[in-house]
Amino acid sequence: MDLLRCEPGQTYVDGTLGGGGHAEEILKRTDPDGVVIGIEWDQKAIDEAGKRLNPYSSRARIFRENFIHLSEILKTMKIESVDGILLDLGLSSIQLEREERGFSFRGEGPLDMRMDERRDCTAANLANGLPLTELERILFEYGEERWGRRIARAIVSEREKNPIQTTVALRKIVYGAIPKRFQSRKIDPATRTFQAFRIRVNEELENLKGMLESGWKVLRKEGRMCIISFHSLEDRMVKEAFRKWEREGMMRILTKKPLTPSEEEQKKNPRAHSAKLRCAERL
Ligand SMILES: C[S@@+](CC[C@H](N)C(=O)[O-])C[C@H]1O[C@@H](n2cnc3c(N)ncnc32)[C@H](O)[C@@H]1O
């Protein structure tokens, strides 16, 4: 919030509104007339955020959209530039905890993983339909999974017998494919595979890339962009884009090293442990 420099009278974009926690804080800090444009593509999250932001409804504009469409949204609002953009990438706790959404390898649910349920492609469609080489690619690239080849082969061999329909089925395949002695006790062996599928289902890297290509254009001079990422692929993309902007004289990096949660914060909120926050200011 401090990096975003929230001040009354200004307009901020929360591109990943989720349950509205960040947006609420921005609205409090920009009282009485700051505006938040909240973008979120998951209807259930929007419902939560709507309740939470009800007391500020005159200053919160909520759009069910992909944040990659930020400039179009601003055009419809006849807004040329904003004072800050915040992205808090990845999943919300609400999504992770609802087993029926299929994100969690701990629970039992349909193999879905769509953050925006209007999209066509589910994780089950990918598991049952992608060619072997593409399965391998997403496991290596998006999951950084060294056992990607074995897992991809196991998926293909399983689906020839039975379609893979549930989170439990996928998890079992992963457990069977990674040799026992290489299965970590600290991190669930299915973590990387689930991450890979989720990133591909939601085209998360493409969306971030789109924002990194065009987001800075709608920032006013001295406006700030803050991005919180949760895995190295995303953080690398943010770091490289910020450096490029700085080299080209468009932005100034305010976080030479990313900010990470303190031990105390990690204890209170273990899901924050891998978070990295980077911020840059428009010149
Ligand atoms: C970590 S949560 C955000 C939590 C939020 N900051 C809060 O305070 O409650 C990330 C949210 O971003 C949404 N999201 C991820 N990618 C998106 C995209 N491309 N467009 C719109 N929303 C997206 C997810 O659906 C999820 O609800």
Side-chain angles (χ1 to χ4, degrees), residues 1 3-4 6 12-30 36-54 56 60-74 84-98 100-104 112-119 121-123 142 194-195 197-215 218 225-231 233-235 237-238 259-261 265 268-279:
M1 286 301 128
L3 276 171
L4 200 57
C6 304
Y12 298 87
V13 171
D14 182 348
T16 50
L17 183 68
H22 281 143
E24 183 181 29
E25 189 58 31
I26 299 172
L27 287 159
K28 278 187 191 155
R29 290 183 179 220
T30 59
V36 169
I37 300 165
I39 305 176
E40 169 61 57
W41 58 3
D42 179 343
Q43 185 57 47
K44 303 215 169 63
I46 290 196
D47 295 343
E48 292 289 322
K51 280 184 234 155
R52 186 168 193 156
L53 303 181
N54 194 33
Y56 311 91
R61 317 274 144 76
I62 300 180
F63 293 84
R64 185 175 183 198
E65 259 300 350
N66 184 335
F67 61 62
I68 206 171
H69 299 133
L70 172 61
S71 21
E72 287 90 329
I73 295 172
L74 295 182
I85 300 176
L86 171 65
L87 289 186
D88 175 17
L89 297 166
L91 287 179
S92 69
S93 304
I94 322 167
Q95 290 164 331
L96 196 59
E97 281 156 13
R98 295 216 173 120
E100 72 272 18
R101 302 296 299 271
F103 290 108
S104 168
D112 189 322
M113 302 196 198
R114 287 168 304 165
M115 294 192 217
D116 180 350
E117 289 173 295
R118 296 169 302 186
R119 292 170 77 89
C121 178
T122 65
Y142 301 162
F194 273 66
Q195 173 181 306
F197 273 90
R198 196 200 84 203
I199 290 177
R200 169 68 203 261
V201 166
N202 298 291
E203 297 180 329
E204 290 176 40
L205 301 184
E206 289 80 356
N207 293 329
L208 177 59
K209 186 164 176 259
M211 177 58 102
L212 291 172
E213 277 166 4
S214 61
V218 299
M225 184 183 284
C226 294
I227 305 187
I228 305 171
S229 62
F230 289 85
H231 55 78
L233 292 172
E234 285 171 346
D235 183 55
M237 285 171 67
V238 177
L259 299 189
T260 53
E265 186 172 354
K268 266 196 275 171
N269 179 11
R271 279 184 197 142
H273 80 276
S274 59
K276 288 195 171 140
L277 165 61
R278 293 184 186 269
C279 175

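Indexing begins at 1, ligand by ligand and atom by atom, following the structure's order.
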**Request:** Tell me, please, which residues at least two apart from Lys51 pass side chain to side chain contact (heavy atoms under 4.5 Å, CB included).
**Result:** Glu48
**Request:** Give a yes or no answer on whether the side chain of Glu24 reaches the backbone of Gly21 with a donor-acceptor pair at less than 3.5 Å.
**Result:** no
**Message:** So does Cys6 get a backbone contact from the side chain of Arg29, meaning a donor-acceptor N/O pair under 3.5 Å?
**Reply:**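 No; zero donor-acceptor contacts below 3.5 Å.
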**Prompt:** Under 4.0 Å between a Lys/Arg side-chain N and an Asp/Glu carboxylate O for Arg98 and Glu117?
**Reply:** no
**Prompt:** Using a threshold of 4.0 angstrom between heavy atoms of the protein and any atom of ligand 1, which residues qualify?
**Reply:**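 Near ligand 1, by chain and number: Gly15, Thr16, Leu17, Gly18, Gly19, Gly20, Gly21, His22, Glu40, Trp41, Asp42, Glu65, Asn66, Phe67, Asp88, Leu89, Gly90, Leu91, Ser92, Gln95, Met115, Asn207.
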**Request:** Mind checking the CG-OG1 spacing from Asp42 to Thr16? Nearest 0.5 Å is all I need.
**Result:**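 With rounding to 0.5 Å, CG (Asp42) is 12.0 Å from OG1 (Thr16).
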**Asked** Measuring from Met1:CE to Tyr12:OH, what's the distance to the nearest 0.5 Å?
**Response** 10.0 Å
